[in-house]
Amino acid sequence: MNWQELAEKMVQTQIAARGITDERVLEAMRRVPRHLFVPEPHRNEAYADYPLPIGHGQTISQPFIVALMCSLLGLQGDEKVLEVGTGSGYQAAVLAHLAREVHTIERIPALAEQAAQRLAELGLENVHVHIGDGSLGLPKEAPFEGILIAAAAPRVPQPLLEQLNEGGRLVAPVGSRGWQVLERWTRRGNSWERETYDSVAFVPLIGEHGWEG
Ligand code: SAH
């Protein structure tokens, strides 16, 4: 099977079958070559239904969780979006097909550099990779219509809530270091509406508004 067939099968059996209906999200998941974001020796499992190690003790999220978080952002295509926790760069590549401009921030420089190189090789010029503590957000690029935290937070960092536009949405796994619940926060003036979704297990968000390293 070539990778397009594997991606199509992944979309049908893992994502559409579990209720993700946003056609733009399904199409983005078909278009990104996930195997290019998974280092050896796990590359042959790139389209499987689970997270995989990417080095430095970090993981690339399960495809379904990537799709679910993207669909909860409800992107139409004209948004400026922030991702916290670049990791392999895979989720940023999916977001690049869903939004106008994507900023992604990673605290481990080696991961950020590899991700930036992969994204550039794929010609995804609307993604910008930054190195730093994303629990503080990215004030110089704020505000954002969407923020996605791809690491587990003890609580949603206040600076990130402040960096949302009116009506903007933030999606994050919130809970303990071991397990979390996906939360979506929507900005309404100076208050935020919170909804909760699936249980998940992410690596920790390490930083000033996250866990201690
Ligand atoms: N979205 C990634 C998976 C992220 S794994 C992908 O598609 O591959 C979570 C990542 O968050 C890890 O790479 C980890 O180093 C990073 N991270 C943890 N705390 C962070 C922080 N405060 N700021 C930026 N990145 C952080």
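Numbering starts at 1 and runs along the sequence shown. Just follow the structure's listing: the first ligand is 1, and inside any ligand the first atom is 1.
Against a heavy-atom cut-off of under 4.0 Å, Tyr90 is close to the following atoms of ligand 1: 7 (O). Less than 4.0 angstrom separates some heavy atom of Ser135 from each of these atoms of ligand 1: 22 (N). Counting the atoms of ligand 1 from 1 in the order shown, those under 4.0 Å from a heavy atom of Leu111 are 13 (O). Short contacts between ligand 1 and Asp133, defined as distances under 4.0 Å to a heavy atom of the residue, involve ligand atoms 21 (C), 22 (N), 23 (N). Every atom of ligand 1 with a heavy atom of Gln91 under 4.0 Å away is listed here by number and element: 1 (N), 7 (O). Atoms of ligand 1 lying under 4.0 Å from at least one heavy atom of Val203, given by number and element, are 5 (S), 9 (C).
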Side-chain donor-acceptor pairs of residues 88-97 under 3.5 Å, sequence neighbours excluded:
{"from": "Ser88", "atom 1": "OG", "to": "Tyr90", "atom 2": "N", "distance (Å)": "3.1"}
{"from": "Gln91", "atom 1": "NE2", "to": "Val66", "atom 2": "O", "distance (Å)": "3.3"}

What pairs of donor and acceptor atoms, side-chain ones from residues 52-60 against any protein atom, are under 3.5 angstrom apart with sequence neighbours left out?
{"from": "Gln58", "atom 1": "NE2", "to": "His56", "atom 2": "O", "distance (Å)": "3.2"}

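Crowding of Glu5 atom CD: a count of heavy atoms from other residues, nucleotides or ligands under 6.0 Å exceeding 12.
Atom 19 (N) of ligand 1 has Ile206 N, 2.9 Å as its closest protein atom, hydrogens excluded (heavy atom only). Gly85 CA, 3.2 Å is the protein heavy atom nearest to atom 11 (O) of ligand 1. Protein heavy atom nearest atom 1 (N) of ligand 1, with residue, atom name and distance: Glu83 OE2, 2.9 Å. The protein heavy-atom contact nearest to atom 13 (O) of ligand 1 is Glu106 OE1, 2.7 Å. Considering only non-hydrogen protein atoms, atom 18 (C) of ligand 1 sits nearest to Pro204 O, 3.5 Å. Scanning the protein heavy atoms around atom 25 (N) of ligand 1, the nearest turns out to be Arg107 N, 3.2 Å. The nearest heavy-atom contact from the protein to atom 3 (C) of ligand 1 is Thr59 O, 3.3 Å. Shortest contact from atom 9 (C) of ligand 1 to any protein heavy atom: Ala150 O, 3.3 Å.
Here Ile108 has side-chain heavy atoms under 4.0 Å from ligand 1, and that is the only part of it that gets that close. The residue Val66 has no part lying near ligand 1, judged by heavy-atom distances below 4.0 Å. With a 4.0 Å heavy-atom cut-off, ligand 1 is reached by the side chain of Gln58 but not by its N, CA, C or O. By the criterion of a heavy-atom distance under 4.0 Å, both the backbone and the side chain of Ile60 are placed next to ligand 1.
Under the 4.0 angstrom criterion for non-hydrogen atoms, His56 is not in contact with ligand 1. In this structure, Thr86 is part of the shell of residues with a heavy atom less than 4.0 angstrom from ligand 1.
No side-chain donor-acceptor contact under 3.5 Å links Glu8 and Gln4. Side chains of Tyr50 and Glu45: a donor on one and an acceptor on the other come within 3.5 Å. Judged by distance alone, the side chains of Glu121 and Gln117 do bring a donor and an acceptor atom under 3.5 Å apart.
Without hydrogens or angle criteria, Glu208 side chain to Ser135 main chain gives no donor-acceptor distance under 3.5 Å. The closest donor-acceptor contact from the side chain of Trp3 to the backbone of Leu36 lies at 3.5 Å or more, if one exists at all. The main-chain N or O of Gly87 is found under 3.5 Å from a side-chain atom of Glu106 such that the two form a donor-acceptor pair. Remark: the backbone N or O of Gly189 is paired with a side-chain donor or acceptor of Glu166 at under 3.5 angstrom.
Of the N or O atoms in Gly134, one or more lie within a sub-3.5 Å distance of an N or O in ligand 1. For ligand 1, the polar-atom distance check against Ser61 finds no nitrogen or oxygen pair separated by under 3.5 Å.
Ion pairing of Asp198 with Arg18 is absent here, as no side-chain N (NZ or NE/NH1/NH2) approaches a carboxylate O to less than 4.0 Å. No salt bridge links Arg107 with Asp133; every basic N to acidic carboxylate O contact stays at or beyond 4.0 Å. A salt bridge links Arg30 with Glu23: at least one charged nitrogen is closer than 4.0 Å to a carboxylate oxygen.
Of the options Arg184, Arg188, Arg169, a salt bridge (charged side-chain N to carboxylate O under 4.0 Å, His left out) to Glu193 is made by Arg188 and by none of the others.
Closest heavy-atom approach to atom 8 (O) of ligand 1 among the candidates Ser88, Ala92, Gly132, Ala115: Ser88.
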